[in-house]
Visitor: 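One structure, pasted below without further comment.
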Amino acid sequence: PILETEKKEMAAILKEAIEAGALGFSTNRFYGHRDGNNTLAAGTLADVDEVVYMAKAMAEAGGGMLEMHNDFRSYDDIPEQAMDPKLRSEHAKRENKWIHFVAREYGLPINWLGGVPPEVLNRWQMNDELIYNQMLVRPQSMILSFPSRFHPFTASKTLRTMKSNNTLTYENLVKSKTIIIEEVKNVMKQDTRVGKIIRESWNDDNFATYYPITETFDYEPATEESILNRARKAGTTCLEYAYDHMLTKNASGVIWNGNSNNVTEFYEDRIKDFSSPYIVPGISDAGAHLAIFQDGTTPTSMISFWARDRKKGHGFTLEYAVKKQARDTAYMYGLTDRGTLEKGKKADLNIIDFDHLHIHHPELVHDLPTGAPRWSQKVTGYDFTILSGEITFENGKHTGVLPGKLVKNPRHLKERIARRMPLPDVPDEFKGYRKNMRIDENGSVNDMDTMLQASLNAESGISNASRIANALEEEQRSKL
């Protein structure tokens with residue numbers, strides 16, 4: 001554990017950064033965020049006082065956003081089934097206590113991935129606590145194709161050999177279809193790590209949440225559009241149906257995992273969330289997990305899906321959809337010089353051909369510096385993108401104009417914080433509580449296999465999908 005003096009030294013560095021213009025501080029308190037060696041992301045198990053020291057430093061520097069991903073349950077790095085219910089409850093209460101302390105006593109805004117009912121957020125805001133949530137615009141969904149990193153047919157040695165030899169062509173995939181599917185079925189029967197992953201990830205029941213992306217694909221697909229139900233109707237197996245769809249478009253056909261066999265239920269919950277002024281669209285992870293999913297189109301989905309295309313329920317007006325992701329997000333971070341079309345505000349705007357705004361099918365490209373793959377999804381319908389009054393993109397093409405500047409903290413909270421001076425010290429109850437944490441009596445820890453099983457059991461979460469993909473690749477690397 002780090003010393004209190006070291007925590008204060010880190011806080012001093014953050015204070016200097018806020019004074020220089022940083023917008024805030026972001027941290028992780030979610031047990032699922034780990035590196036390739038299964039090590040928790042830095043800060044996940046940090047003592048509460050460490051985070052509160054950082055918050056106080058931000059307040060002393062004029063204020064900034066405290067942002068995090070928090071599961072409110074991981075009091076230690078042990079398997080979830082081994083956690084003590086009493087300690088989990090105490091941890092959740094303590095997390096909530098420090099959050100409200102920071103919001104109330106230091107006057108800082110705080111936001112994290114949703115989960116708080118809108119009526120509760122409203123009550124906190126009425127109590128002068130600037131607490132917000134972010135929420136997904138559409139399901140955070142894994143996408144599959146033959147060239148992609150993760151799909152059931154990677155269990156086939158024949159397919160992996162094609163991929164490594166750069167012979168993964170339409171002709172070879174058609175010729176080897178029967179062999180590849182049989183190899184996958186045989187792996188599913190094996191009592192091995194790979195067999196377990198493939199069996200639990202792509203049994204028939206799981207295909208109820210997978211949908212083929214077609215020319216008229218709706219990101220709120222009906223249950224009968226799933227691979228499971230399409231295969232049953234066609235009188236074939238799920239693996240065969242998935243394989244045939246992936247063969248379309250010259251073997252670049254794509255399958256989308258909606259994480260649910262009732263996607264409409266997800267969207268109905270979002271209607272409630274986005275009706276709150278304190279829940280903003282976010283969590284698209286556009287710069288993470290690039291090889292297994294693509295949600296960088298979230299801003300367009302907020303307009304095209306929610307304000308125009310939704311057929312199975314209510315959506316939002318175009319004005320409201322724009323407000324949620326332009327004005328509300330900017331104001332949450334204190335950037336009140338933008339986000340609305342008003343005299344004196346920054347002239348940052350998109351001119352959109354609303355009727356023809358279109359999200360194209362995802363495609364796997366290899367344009368990263370090392371040639372590594374990533375999913376790309378292009379959008380058309382943006383006639384002009386304007387920054388500070390200058391056209392930077394026209395019909396999706398960059399004009400060469402670069403008027404952007406570093407966005408700095410406006411320190412709009414200075415007066416709010418000044419009313420709270422002198423700021424209270426970090427309470428003793430927040431100090432060193434993890435020293436009393438214990439692991440279960442068998443000394444259980446969250447090893448690779450434990451975390452893998454947790455990911456296999458999880459209903460959703462792109463971090464879980466990434467962990468499964470890592471494990472599968474690791475097992476197969478030596479089997480070519």
Visitor: Using ring-ring contact (aromatic ring centres under 6.0 Å, His included) as the criterion, list what pairs up with His361, not counting sequence neighbours.
Guide: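 Per chain and number, His361 pairs via ring-ring contact (aromatic ring centres under 6.0 Å, His included) with no residue.
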Visitor: Are side-chain N/O atoms of Asn70 and Glu95 paired as donor and acceptor at under 3.5 Å?
Guide: yes
Visitor: Can you sort out the partners of His360 under ring-ring contact (aromatic ring centres under 6.0 Å, His included), two or more places apart, ordered by chain and number?
Guide: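 Applying ring-ring contact (aromatic ring centres under 6.0 Å, His included) to His360 gives His358.
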Visitor: Might you work through the salt bridge (charged side-chain N to carboxylate O under 4.0 Å, His left out) test for Glu215 and Lys249, ending with a clear yes or no?
Guide: CA-CA 11 Å; Glu215 289 301 325; Lys249 295 182 176 294; 2.5 Å; yes
Visitor: Is the Trp256-Tyr219 ring centre distance short of 6.0 angstrom?
Guide: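 When the ring centroids of Trp256 and Tyr219 are compared, they turn out to be within the sub-6.0 Å range.
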Visitor: With ring centroids as reference points, do Phe305 and Tyr267 lie under 6.0 angstrom apart?
Guide: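 Yes, the ring centres sit under 6.0 Å apart.
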Visitor: By side chain to side chain donor-acceptor pair (under 3.5 Å), which residues pair with Gln325, not counting sequence neighbours?
Guide: none
Visitor: Do Glu183 and Thr158 get their side chains close enough for a donor-acceptor pair, meaning under 3.5 Å?
Guide: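 Indeed, the side chains of Glu183 and Thr158 share at least one donor-acceptor pair under 3.5 Å.
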Visitor: Of all residues at least two apart in sequence or in a different chain, which pass the ring-ring contact (aromatic ring centres under 6.0 Å, His included) check with Phe393?
Guide: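 Result, ring-ring contact (aromatic ring centres under 6.0 Å, His included) vs Phe393: His398.
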Visitor: Sequence neighbours excluded, which residues qualify as side chain to side chain donor-acceptor pair (under 3.5 Å) partners of Thr169?
Guide: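 Once residues adjacent in sequence are excluded, the partners of Thr169 under the side chain to side chain donor-acceptor pair (under 3.5 Å) criterion are Asn172.
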Visitor: Would you call Lys196 and Asp191 a salt bridge, using N to O less than 4.0 angstrom?
Guide: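 A salt bridge is absent here (no side-chain N lies under 4.0 Å from a carboxylate O).
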Visitor: Give me each pair satisfying salt bridge (charged side-chain N to carboxylate O under 4.0 Å, His left out) with a member in residues 351-367, each pair once, sequence neighbours excluded.
Guide: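 Salt bridge (charged side-chain N to carboxylate O under 4.0 Å, His left out) check on residues 351-367 returns Asp367-Arg374.
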Visitor: Do Asn257 and Thr209 have side-chain N/O donor and acceptor atoms under 3.5 Å apart?
Guide: yes
Visitor: Check for me whether the distance between the ring centres of Trp202 and Phe153 falls short of 6.0 Å.
Guide: no
Visitor: I'd like to know if the side chain of Lys345 and the backbone of Thr336 have a donor-acceptor N/O pair within less than 3.5 Å.
Guide: yes
Visitor: Indicate whether the side chain of Asn111 and that of Glu67 have a donor and an acceptor atom separated by less than 3.5 Å.
Guide: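 Side chains of Asn111 and Glu67: pair found under 3.5 Å.
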Visitor: Whether the His69 and Asn28 side chains hold a donor-acceptor pair (N or O, under 3.5 Å, no angle test) is what I'd like checked.
Guide: no
